[in-house]
Amino acid sequence: MKTLVILAHPNLEQSNINRTLASRLETKTDVTIHKLYEVYPDGNIDVEYEQALLLKYDRIVFQFPFYWYSSPSLLKEWQDKVLTYGWAYGSEGNALHGKEFLIATSTGGPETAYQAGGFNHFSMSELVKPFHATANLTGMRFLPIFTVQGVFRLTEDEISE
């Protein structure tokens, strides 16, 4: 299965966990890492290129640090520009139907902060519902999220695990 990881991190070199995850994935022959902040430092997204890229893969992964209960701004802009009516959704929009969709995210806070009664009051599965809804609208199958939590407290050994 060919996998496209759309990596959206504005400070990737400063992120031990996201940099490590990307480095590990780059060793896989069936995985392509697409670093949005490197490709589009000016924020000008090439919609036709991005749509053509998506068509080549069976699984789409959004990898990003969890910012303000969502993704970094460039990934949101990418969604707004690339996932167009008539292409990704709508009566004629079926380009992504049948593909798998996965969120791979990291949080600064620990897992206990992301649950009912915790600091943030909601679980990660609740907080990523907009991404799940996007998968539903575009006909993709939403896979369980992959989350690394409490990244600010992880040791180098824990990160490399």
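Numbers here are sequence positions counted from 1.
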Minimum side-chain heavy-atom gap [X]-[Y] below 4.5 Å:
X: Leu143; Y: Arg59; value: yes
X: Phe119; Y: Thr112; value: no
X: Trp78; Y: Leu83; value: yes
X: His9; Y: Asn11; value: yes
X: Ser91; Y: Tyr85; value: yes

Would you compute the distance between atom [atom1] of [X] and atom [atom2] of [Y] and round it to the nearest 0.5 angstrom?
X: Ile60; Y: Ile103; atom1: CD1; atom2: CD1; result: 11.5 Å
X: Leu4; Y: Asp30; atom1: CG; atom2: CG; result: 12.0 Å
X: Ser71; Y: Glu77; atom1: OG; atom2: CD; result: 11.0 Å
X: Phe131; Y: Leu102; atom1: CZ; atom2: CG; result: 12.0 Å
X: Lys81; Y: Glu50; atom1: NZ; atom2: CD; result: 12.5 Å
X: Leu7; Y: Gln63; atom1: CG; atom2: CD; result: 4.5 Å

Counting distance only, does the side-chain N/O of [X] pair as donor-acceptor with the main-chain N or O of [Y] below 3.5 Å?
X: Tyr37; Y: Leu74; result: yes
X: Gln51; Y: Val82; result: yes
X: Lys99; Y: Leu54; result: yes
X: Asn120; Y: Ala113; result: yes
X: Thr105; Y: Phe64; result: yes
X: Ser70; Y: Tyr67; result: no

What's the shortest heavy-atom distance between [X] and [Y], and which atoms?
X: Ala88; Y: Leu96; value: CB-CD1, 4.1 Å
X: Thr147; Y: Ile145; value: OG1-CD1, 3.4 Å
X: Pro65; Y: Pro72; value: O-CD, 3.6 Å

Do [X] and [Y] belong together in a cluster built from hydrophobic side chains that touch within less than 4.5 Å?
X: Met1; Y: Ile33; result: no
X: Tyr49; Y: Trp87; result: yes
X: Val31; Y: Phe62; result: no
X: Val5; Y: Leu53; result: no

Open item on the list: For Glu26, I'd like to know if atom CD has over 12 heavy atoms of other residues, nucleotides or ligands within 6.0 Å.
Closed with: yes
Task: Candidate pair Thr32 and Tyr57, rule side-chain hydrogen bond (donor to acceptor under 3.5 Å, both in side chains), full reasoning - done: CA-CA 9 Å; Thr32 299; Tyr57 293 89; 2.8 Å; yes
- [ ] Please state whether the rings of His34 and Tyr40 are parallel, tilted or perpendicular, taking 30° and 60° as the class boundaries.
- [x] perpendicular
- [ ] Specify whether Phe142 and Phe101 have parallel, tilted or perpendicular ring planes, treating 30° as the upper limit for parallel and 60° as the lower limit for perpendicular.
- [x] tilted
